[in-house]
Amino acid sequence: MIGAAQPRVTVANELLDKIYSLDGILHSQFKSRLVIEPALSRTVVSFQASKQQPAYRWYKFKEAYSPWLVDYLLSRYNIKSGKILDPFAGSGTTLFAASRLGFETHGIELLPIGQAVIQARMVVEKKLAPREIQRIAEWKNKAPWKKANRTNLLELKITRKAYPPKTKESIEKYLKACGQEPKDAETILRFLLMCVLESVSYTRKDGQYLRWDHRSERMAGKKPFHKGPILDFDQAITLKLDQFLNDIGETANPPDLLDLSRKKNSKVPIKLLDGSCLEIMQKLKASHYDAIITSPPYCNRYDYTRTYALELALLGVDEKTLLNLRQQMLSCTVENRSKNLLEINPAWIKAIEASEGQKLLQNILDFLENQKEEGLLNNNGIPRMIRGYFYEMACVISESARVLRPGGMMFMVNDNVRYAGVEISVDLILSSIAEKLGFQTRQILVLPQVKGNSSQQMGFHGRTPLRKCVYVWEKK
Ligand SMILES: C[S@@+](CC[C@H](N)C(=O)[O-])C[C@H]1O[C@@H](n2cnc3c(N)ncnc32)[C@H](O)[C@@H]1O
């Protein structure tokens, strides 16, 4: 125990020593299962690999992994059929990739952006009627929005003046014209508009927020940032319509499988459940799924509701809904308030206890509280965010164990993080919690280090690169 009378620096040092020692113990516990997996390049475990891929390239969801990862995991762990769940579905990579392989897939997604991507892709998978394809082709060739009236494009405080005035006018006309199209064509046309917003705006998605170009009125007197060319609206949307029309011809035989002989011909239904997995998972049937393949938000302060604000405004999310979505998200930003997890589900007491009993986690939380009291954190919300992240993840893990059949597999992509100079072994902590909640850790597949990951790239001397992994857990 650390006595109250000790000098503050000693307290912090003792806590740090304890963290290193507990991290070492956990590391040796998992040592034989921590394996560097050369097949898992950063390209495959990120959006990179999908950049040129028909359908996946329509909307650049930077937080996505590639369909090859899904294929690789199912093949490597010999999962041949059944039902698959992704509780953090994002743009639906798990759903579409596994469905191609003949799996029935269910996804849960909280944010309307991911939902819109998945819904548009479901419309395409179901097959667009020739009449609807014809309408979309007419939009490409005749640009009917140019003659339409305007309808109001919702603005949020953080999206005000995001477009040049002429572009805003074109977007509003496009939206008005969409409303006159048949249902599926309208879904696709609105989705394609969402796909070009960033390219025609003064903003760029960047780290934890939107960066504003110096040409925007909002930037008067601020540090200059040049995002490069800002595309003309008519040109950008016409190119996107063209890409879409080209790709739908090709999706009938997608090159998104490692081994095309594994492709099943039947189209298996995909189901999307809109909302928070913390609310929805508890309503799913026990032992129903054969596998879970997922990637939650990382514990890295990345705020999807800010980065994707243009898209959210287009989808009609107002200020109040935005705040509500931000709070419902898995705690990964300093703005998240604590959630009352036991009020959501009293059965999560075991998950809470597993987190309370995780010594490394508790020591990290003590250390961060100490750093907060010393005024050494760059944001005082960090300890609350990290606590929320692990406790909420523990609840998701316990629900995952409940909905998987015995022997079912869970795969999770996640990154370790660093705060106040301390690396947090998210991989080891979550695996240790998972083992208390009905899983056995088969492996923790570590992505190979990026070449040239020098101390220079890592910010300052002595820092080791953070592990990026795919956890492989089996339901006992
Ligand atoms: C890393 S992304 C998943 C990317 C996905 N694997 C793909 O390939 O597109 C994490 C997703 O979790 C979603 N999310 C965050 N909190 C959530 C919650 N409580 N319930 C459901 N989804 C949530 C985010 O909106 C985001 O789309």
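Here the structure is a predicted model, which means the values were calculated and not measured. Side chains included, hydrogens not; waters and symmetry mates left out as well; all remaining heavy atoms used. Ligands are counted one by one from 1 in listed order, and the atoms in each one are counted from 1 as well.
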Would you mind writing out the side-chain donor-acceptor pairs for residues 281-288 within the sub-3.5 Å range, not counting sequence neighbours?
| residue | atom | partner | partner atom | Å |
| --- | --- | --- | --- | --- |
| Gln282 | OE1 | Asn345 | ND2 | 3.2 |
| Gln282 | NE2 | Leu278 | O | 3.4 |
| Gln282 | NE2 | Glu279 | O | 3.3 |

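No salt bridge links Glu155 with Arg160; every basic N to acidic carboxylate O contact stays at or beyond 4.0 Å.
Under the rule for a side-chain contact (heavy atoms from CB on, under 4.5 Å), the partners of Ser338 that lie at least two apart in sequence or sit in another chain are Arg384.
Sorted by first and then second residue, the ring-ring contact (aromatic ring centres under 6.0 Å, His included) pairs with a member in residues 325-350 form an empty list; sequence neighbours excluded.
Between the side chain of Lys227 and the main chain of Thr203, a donor-acceptor pair closer than 3.5 Å is present.
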List, for ligand 1, each N/O atom that has a protein N/O partner under 3.5 Å away, with both atom names and the distance.
| residue | atom | partner | partner atom | Å |
| --- | --- | --- | --- | --- |
| ligand 1 | 8 (O) | Tyr65 | N | 3.2 |
| ligand 1 | 8 (O) | Thr93 | OG1 | 2.6 |
| ligand 1 | 9 (O) | Ser91 | N | 2.8 |
| ligand 1 | 9 (O) | Ser91 | OG | 2.6 |
| ligand 1 | 16 (N) | Leu330 | N | 3.1 |
| ligand 1 | 19 (N) | Ser276 | OG | 3.1 |
| ligand 1 | 19 (N) | Gln328 | O | 3.4 |
| ligand 1 | 20 (N) | Cys277 | N | 2.9 |
| ligand 1 | 22 (N) | Leu110 | N | 3.4 |
| ligand 1 | 25 (O) | Glu109 | OE2 | 2.6 |
| ligand 1 | 27 (O) | Glu109 | OE1 | 2.9 |
| ligand 1 | 27 (O) | Glu109 | OE2 | 3.2 |

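The distance between the ring centers of Trp139 and Tyr174 falls below 6.0 angstrom.
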